[in-house]
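Let me begin by presenting the structure, written as structure tokens, before commenting on it.
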Amino acid sequence: MGEAYDVQEIERRWQARWRDEGTYEVEADDPRPPFYSLCMYPYPSGAAHQGHVRNYTFGDLIVRHRTMGGYAVLSPMGFDSFGLPAENAAIRTGVHPRPFTDARIAELKESIERLGAVYDWRREVRSHDPGYIRWTQWIFLRFLEAGLAYRKQAPVNWCPGCQTVLANEQVLADGTCDRSGDMVVKRNLEQWFFKITDYADELLDDLDDLDWPERVKTMQRNWIGRSEGAEFDLAVADRDDAAGDRAIRVFTTRPDTSFGMTYVVLAPEHPLVGDLTTPDQRSAVEAFVAEVSTHSEVERQSAEGPINKRGVFTGSCAINPFNDQLVPVYLADYVLTGYGTGAIMAVPAEDQRDWDFAEAYDLPIVRTVAPPDGWVGQAYTGDGPAINSRWLDGMEKAEAITAAIDWLEERGIGQRKVNFRLRDWLLSRQRFWGCPIPVIYCPEHGAVPVPDDQLPVLAPDDVEFRPTGESPLRSHEGFLRTTCPVCGQVAIRETDTMDTFVDSSWYYLRFADPHNTEAPFDPAVVAHWLPVDQYIGGIEHAILHLMYARFFTKALADLGVAPKALREPFARLFTQGMIRMGGSKMSKSKGNLVAPAKYFDTVGADALRLFHLFVGPPVDDFDWSEQTDEVIDGCARFLNRVWRLAMGEVAPVSGATAPAGDLARAVHAFVAKVSDDYDRWSYNTVVAACMELTNLLYKHVQAGGDTDIAEGMDALLLVMAPMAPHVTAELWERRHPGEHIHAQSWPTFDPALAAALRETMIVQVDGKVRDRIEVGAGLDEAEMQRLALASTKVQAALGGASPTKVVARPPKLINLVT
RNA sequence: GCCCGGGUGGCGGAAUCGGCCAGACGCGGAGGGCUUAAACCCCUCUGGUCCUCAUGGACCAUGUGGGUUCGAAUCCCACCCCGGGCACCA
């Protein structure tokens with residue numbers, strides 16, 4: 001009996017070797033071509049869960065595969081260590097968030113290492129390190145100088161549960177907080193914003209060239225929500241008071257339908273409401289505005305149908321500049337103050353919302369685009385010739401839009417206008433455990449940036465965490481009181497911290513040059529490694545993190561901090577599927593975690609990794625079920641088979657016969673197939689192919705012949721090396737003393753050898769397979785037909801008839817049609 | 001409502017360009033071997049229905065119904081179901 005496969009001992013030993021020998025540490029002057037592989041750095045919530053395991057298994061596989069492919073692979077890891085859970089724990093337990101977070105990081109790091117995932121740990125970045133905070137603040141100040149960071153009073157999304165402001169992106173469609181689930185309410189506060197809208201066009205356009213999942217790109221496009229149209233003024237009719245001097249500015253994407261405008265709608269919060277309301281309508285308008293203000297954003301947006309399209313007439317009319325007709329001015333809750341101009345021209349014939357409102361309020365409907373024959377619907381938004389539109393009549397949609405805008409511009413009434421759904425990024429958070437915003441408020445000089453040489457601004461440690469909902473910074477005199485950098489007078493510090501998405505918007509740049517004390521990073525080093533060649537993470541970051549990181553990259557490049565040419569941070573993105581259990585995402589908060597530790601301690605990391613790779617396509621979600629443990633056991637069983645095979649422990653079986661076919665050809669075909677599978681992320685079929693090859697090698701050994709399986713064995717181990725790194729490293733070293741499998745080149749194959757020497761020609765009669773004939777490569781159609789007709793099975797199927805048609809696809813298939 | 005995905009054995013999945021009787025590989029299941037016994041390990045079978053003593057064979061089968069084609073899981077049309085995203089953005 002040979003040596004047992006001691007999983008625990010082998011995995012621990014190789015993990016120590018990779019760490020101690022710095023196997024995956026790289027430098028920018030490495031002569032090999034660079035490859036930057038990155039998994040989204042995790043929020044440290046304690047020991048790894050299966051989602052981490054899956055993510056880092058894919059990431060580690062890429063690192064090892066690319067290294068074997070001849071690249072110098074940058075594989076860094078860090079921790080997104082600021083955030084709410086640590087602060088909430090502090091409030092609960094009184095323990096400062098830092099030791100709490102450091103302990104969670106240690107746990108997570110330990111389980112990542114236990115997985116056998118390899119990183120250049122010298123580059124580790126933690127958001128809460130003073131050395132990282134310093135540069136996050138420094139970047140904020142550069143943005144401030146450039147006008148990309150600004151402060152304004154704004155109605156903000158306030159989460160009562162988290163006691164903080166949220167970004168629009170953090171409010172779910174049902175109006176609840178994406179963290180606590182509480183209903184978000186509106187509040188007016190002075191807040192810091194990043195001007196991400198300056199980059200709206202570029203963020204949209206550059207999506208086209210990214211090798212990202214189409215789904216993620218679509219989500220970003222929708223979020224940016226670019227729409228082209230026109231803005232123009234409508235004069236207020238028959239008023240000699242203040243309102244008469246004003247104009248109502250509207251935004252429309254359909255200026256071609258302007259002749260169909262039958263009323264105008266303002267948002268209830270529109271500044272002209274007071275002026276436009278006539279005395280006899282005042283009480284109705286005031287009642288309406290008051291009622292709308294009591295509705296939350298969500299109630300307002302979730303209202304459905306014409307009944308709920310509530311509105312009120314102001315008593316005033318406006319003049320449609322296209323035909324000089326008077327149109328009534330209404331207020332309605334379906335017009336939003338934050339988009340466009342907060343006022344619209346209503347064209348019920350070509351907009352369903354306007355149609356619904358017009359019907360409810362008995363307003364006229366005039367079609368200005370001829371619907372197709374047989375049209376039975378209400379509003380028609382498709383293409384068609386303009387009608388009832390004087391000089392636009394007969395033009396198609398696109399042409400009419402251009403003509404209408406030209407007309408507006410010639411008369412100085414309006415102009416072409418692009419609007420975006422994207423809003424500026426609100427980054428202020430009323431929390432303690434985040435990166436302090438480096439600003440000082442002076443009674444004389446207002447908001448003054450903290451000078452660079454005073455960075456980082458660090459939160460004090462001697463604070464008390466109380467469940468008051470207020471950041472301890474607000475009541476910490478030592479932190480709060482300071483002096484103005486300009487005049488030296490008493491001043492106070494900003495007590496808000498930054499959204500943690502700020503930290504994660506540039507960490508991938510810091511990884512390239514993590515110990516720089518002169519700058520956040522050296523642009524030359526960043527230019528060497530960036531953009532990230534392969535970024536891997538969850539689909540949940542499709543909008544927020546990925547959009548913010550793209551914005552930061554562009555802004556930093558424009559400010560000369562990052563390389564000018566670096567317009568995008570992540571060249572290729574892969575979003576892995578979620579692990580679900582009982583229909584919902586497996587997560588700590590849902591309490592349905594299946595901890596990896598018990599698998600590490602039994603079947604081992606290699607088996608667990610193999611399972612995650614084998615269970616299905618990486619993009620697909622996976623349902624963890626009662627059967628899952630059995631599948632994992634199956635993976636462990638397979639590794640044991642590989643072990644016994646490689647160690648020469650497989651005994652011949654009496655009566656077994658060697659499988660047909662040349663083993664060398666099978667091995668080359670195997671390498672050809674799996675190399676392709678690796679490139680297209682088809683890891684589940686790689687594992688299947690490895691199992692097949694293992695089974696084939698087994699049969700050769702069991703047959704007891706003199707077939708040498710060494711070449712096949714080596715190819716198998718090399719192909720499996722990125723997937724099951726420990727056992728393959730161990731077996732390789734035993735078979736090739738002094739060698740390290742992960743330093744080997746990826747196996748090559750001979751295409752001629754990989755191609756089958758003989759093909760199996762499929763003979764069909766009327767589309768049904770009737771015979772298979774072994775044929776040599778390169779025979780022609782006539783020969784195929786001759787062979788096919790010679791087959792007794794084919795003759796039987798034909799039943800004496802002769803085919804009326806022959807479809808041949810040399811050399812694999814021939815179909816005889818009767 | 002709109003926009004993306006996706007429906008294949010008992011289960012996870014495979015089939016890369018429309019072509020090897022669809023179902024690789026694994027899990028589960030059945031039977032057998034090894035063993036005093038069990039575990040481990042090894043071997044065989046395993047989509048359905050039916051015919052045949054058996055070898056073997058027939059028919060059906062990729063959500064449903066049509067269509068294109070010599071040939072469809074794959075392409076087209078309609079519908080059903082599941083998952084995700086967006087949801088008064090003018």
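Each chain gets a letter, A, B and so on, in the order its sequence line appears, and its residues count up from 1.
OP1 or OP2 of B:rC42 has at least one side-chain nitrogen or oxygen of A:Tyr698 nearer than 4.0 Å. Regarding contacts with the backbone of B:rA87, a side-chain N or O of A:Arg421 is found under 4.0 angstrom from either OP1 or OP2.
Across all strands, A:Arg637 comes closer than 4.0 Å only to sugar-phosphate atoms, never to a base (heavy-atom distances).
Taking the C1' atoms as reference points, B:rU35 lies 11 Å from B:rC41, given to the whole Å.
One atom, CD of A:Glu214, and another, C1' of B:rG85, lie 14 Å apart when rounded to the nearest Å. Rounded to a whole Å, the NE2 atom of A:His612 is 16 Å from the C1' atom of B:rG26.
The 12-atom threshold is not exceeded at CZ of A:Arg215, counting heavy atoms of other residues, nucleotides or ligands nearer than 6.0 Å.
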request  = Classify every nucleotide of nucleotides 6-13 of chain B by which part a protein heavy atom approaches to under 4.0 Å, writing B for the base, S for the sugar-phosphate alone and - for neither, in 5'-to-3' order.
outcome  = ----BBBS
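Of all the heavy atoms in A:Trp425 and A:Ile196, the pair that sits closest is N-CG2, 3.8 Å. Looking at every heavy atom in both residues, A:Gly604 comes nearest to A:Val7 through CA-CG1, 3.5 Å. Closest non-hydrogen pair, A:Arg609 versus A:Leu61, comes out as NH2-N, 4.4 Å.
You'll find a donor-acceptor pair under 3.5 Å spanning the side chain of A:Asn815 and the base of B:rC70, going by distance alone.
A salt bridge does not link A:Asp676 to A:Lys673: none of the charged side-chain nitrogens sits closer than 4.0 Å to a carboxylate oxygen.
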